[in-house]
Amino acid sequence: MHVGRVEVAVEAGGGTTVRPVGGAARPAGDLAEAVREFERDSPRWVWADTRVVYPGLLDAGLRVSRCHDLFLTEGLLLAAEGRSGEPRSAEAAYARLHGLPVPDERGVEVAGAQETLFEPARKDAAAAVSPSDLVREVHEDQRRRIAAHRDPARFGLLVAAESAGALIAAEMSHDGMPWREDAHDALLTDLLGPRPAHGMRPAKLQHLADQVSAAFGHPVNPDSPQQIVKAFKAAGSAVPSTRSHVLKQVDHPAVAPLLAYKELARLFSFHGWVWADQWVKGDRFRPEYVVAGVVSGRWATSGGGALQIPKVMRRAVIADDGWSLVVADAAQLEPRVLAAMADDRGLARAAGEIDLYAALAQAFGGVRESAKIALLSAMYGGTSGDAPKLLSVMRERFPQAYALVEDAAKSGEQGKLVHSWLGRTCPPPSHQWRELITSSQGARAARDRGRFTRNFVVQATAAEWALTMMAVLRGHLPHPAHLVFFQHDEIIAHTPAPLAGEVAAAVHHAAAEATRLLFGPTPVRIPMEIATVTSYADAK
DNA sequence: AACGGCAGCGCC
DNA sequence: AAAGGGCGCTGCCGTT
């Protein structure tokens, strides 16, 4: 199979220019036509921004196998060059290349209107260049910068995985996650009562709110932490906050209805009927994913709250008739990633087992929970409870893994940058931090950043493992199975039921392949827990 | 009326 | 002595 590169530039008028790398640019009336023509060779499509270009192709029923996203790559490169936060758009990259005024990233409209892609550049000094020359020059520049990276092979893998993520995010938004509106409505009605009129509380919520007021003997808004704190104080049960774990310690008749209210109110306002009206259409939930929306490379969402779906709501995620959901979860991903990164023999041996913490228990007095606390404290910077004692065991028994996170923390405390395994770089400390660090609060600021960088190296590497796994999986799914959800270390595929076994096999393959691509030969295994279900709620 | 910080809590 | 990482989203409430 020939795998070349084809650059694509979308003109302001909606026309398209394509240029096979090494060849000549030519107009291609319609991007879909160009994709139909070239895609049989599985080229790597080079374009300014997947969010702008790809949705139209998906609407036309087309998919591409790989791409190079200039926007996301620019973000990776800028961070690696210690310039996080500078505008990442191709226009901005072009302007920097030529010393021109750099357009603001916010000026780029990404709502799917192709016309707007080059508008900001047109308003600025980059206006003179044709879109196809802009794509060509920025692409060449990025390839130079990737080649100049201290580890181009790893960094190139990261660039490819990030770009694959952009394709997958667009495809997931296009396909949507199965979400049965009738099941969701039934679930809400069961928990809250029938859908209320606009601006009203559901019956059960109103009843609980009334019980809270009755318990205090006067009207109290259960949504107002201030009023709650005041009411408890007046009742002789002062509380420092209204967090549920605080309230649970209080002996007062308002506590029970208040806690019940808080739990249900959240479901009502976050994932209730109004939410469904906005985000669920035709039994599909279509969130907006933001690839690399988190500095660690994790995805974020810009709407729909897809990464915070409460477990109880998973009952509404139901496969189509005759189809299944294959729910796959990378178990204990972060400690395994730490073991592989640190090449720590003892930890890596434990990470060859299905239950890593159980395998470590022996080192921690035979207590699995202690092993878990030790590892989590090492990765998060925890110091409460038994953590200090358990961390000293960790330092003794798993010195290389311990040193890796300690070094990351020390670098952070000193204001240095740290990197993931493939070369994602954390942002530099803020200006305020640099001022704070010399003040009386300096020690605290240093510790806070140390915890951030300590966690960054592990979380970012876990994120790139997951991205790589997903990219491999995407290429191995049997048609018409497709990915419908991704949440940090968990992936869901929607598949005709008879193909579920093939999908599961593809998941196992993808996990092993991602581990090999990132870490090469290692005793560490990153096993996937897979459940084939009709409803997401039945996984786990 | 619009905006933004905060509290609180859901997910990993 | 204690001290936990990353997000998004909502309603409240003070500010403009």
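Reminder, nothing fancy here: chain letters follow the sequence lines and each chain counts from 1.
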Please list, in numerical order, the residues of [range] that have a heavy atom closer than 4.0 Å to any atom of DNA chain C.
range                       : value
residues 407-424 of chain A : none
residues 297-312 of chain A : A:R298, A:A300, A:T301, A:S302, A:G303, A:G304, A:G305, A:Q308
residues 217-252 of chain A : A:N221, A:D223, A:S224, A:Q226

In terms of ring plane angle, is the pair [X] and [Y] parallel, tilted or perpendicular, where the classes change at 30° and 60°?
X      : Y      : result
A:F519 : A:W421 : tilted
A:H494 : A:H482 : perpendicular
A:H476 : A:H509 : tilted

With a 4.0 Å cut-off, would you call [X] and [Y] a salt bridge?
X      : Y      : answer
A:D223 : A:K262 : no
A:R336 : A:D489 : no
A:E413 : A:K410 : no

Could you tell me the separation between the [atom1] atom of [X] and the [atom2] atom of [N], rounded to a whole number of Å?
X      : N      : atom1 : atom2 : answer
A:R201 : C:dC12 : CZ    : C1'   : 13 Å
A:D386 : C:dA2  : CG    : P     : 12 Å
A:R266 : C:dG8  : CZ    : P     : 14 Å
A:R454 : C:dA3  : CZ    : P     : 16 Å
A:W275 : C:dG11 : CH2   : P     : 15 Å
A:D448 : C:dG4  : CG    : P     : 10 Å
A:L376 : B:dC12 : CG    : C1'   : 12 Å
A:Q459 : B:dC11 : CD    : C1'   : 12 Å

(message) Side chains of A:Y402 and A:E396 only: does a donor on one sit below 3.5 Å from an acceptor on the other?
(response)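 A:Y402 vs A:E396: no donor-acceptor pair found between side chains.
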Taking the side chain of [X] as heavy atoms from C-beta outward, which of [options] is closest to it?
X      : options                : answer
A:Q487 : C:dT10, B:dC11, B:dG10 : B:dC11
A:S269 : C:dG11, B:dC9, C:dG4   : C:dG11
A:N455 : C:dG6, B:dC11, C:dA3   : C:dG6

[X] versus [Y], closest heavy-atom pair with distance:
X      : Y      : result
A:T453 : A:A409 : OG1-CA, 3.8 Å
A:G165 : A:V291 : O-CG2, 3.8 Å
A:H184 : A:G272 : CE1-O, 3.5 Å
A:S411 : A:V418 : CB-CG1, 3.7 Å

(message) Please give the distance between the P atoms of C:dG4 and B:dA7 as a whole number of Å.
(response) 16 Å
(request) Report the residue (A:P388 or A:H488) whose heavy-atom-nearest nucleotide on DNA chain C is the more 5′ of the two. (result) A:P388
(message) Just to verify, which of A:R298, A:R88, A:R424 counts as forming a salt bridge (Lys or Arg N to Asp or Glu O under 4.0 Å) with A:E162?
(response) A:R424
Non-hydrogen side-chain atoms of [X] and [Y] separated by less than 4.5 Å:
X      : Y      : result
A:I530 : A:V503 : no
A:P428 : A:W433 : no
A:L167 : A:R474 : yes

(message) Below 4.0 angstrom, which residues in residues 163-195 of chain A have at least one non-hydrogen atom near DNA chain B?
(response) none
(message) Does the structure show A:Y380 stacking with C:dG5, if we require the centres to be closer than 5.5 Å and the planes to be within less than 30 degrees of parallel?
(response) yes
(request) Give one of base, sugar-phosphate or nothing for A:F270, where a contact means two heavy atoms less than 4.0 Å apart. (result)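 Base: the residue A:F270, judged by heavy atoms under 4.0 Å, touches a nucleobase.
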(request) Give one of base, sugar-phosphate or nothing for A:R314, where a contact means two heavy atoms less than 4.0 Å apart. (result) sugar-phosphate
(request) Show your reasoning for whether ring-ring contact (aromatic ring centres under 6.0 Å, His included) applies to A:W275 and A:F285. (result) CA-CA 10 Å; A:W275 172 88; A:F285 169 38; 5.0 Å; yes
(request) Can you tell me which residue pairs pass the side chain to side chain donor-acceptor pair (under 3.5 Å) test with a partner in residues 366-395 of chain A, sequence neighbours excluded? (result)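 Applying side chain to side chain donor-acceptor pair (under 3.5 Å) to every pair that reaches into residues 366-395 of chain A, excluding sequence neighbours, yields A:D355-A:R368.
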(request) Note down the inter-axis angle between the two ends of the helix from B:dA1-C:dT16 to B:dC12-C:dG5, five pairs each, to the nearest 10°. (result)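 About 0°, once rounded to a multiple of 10°.
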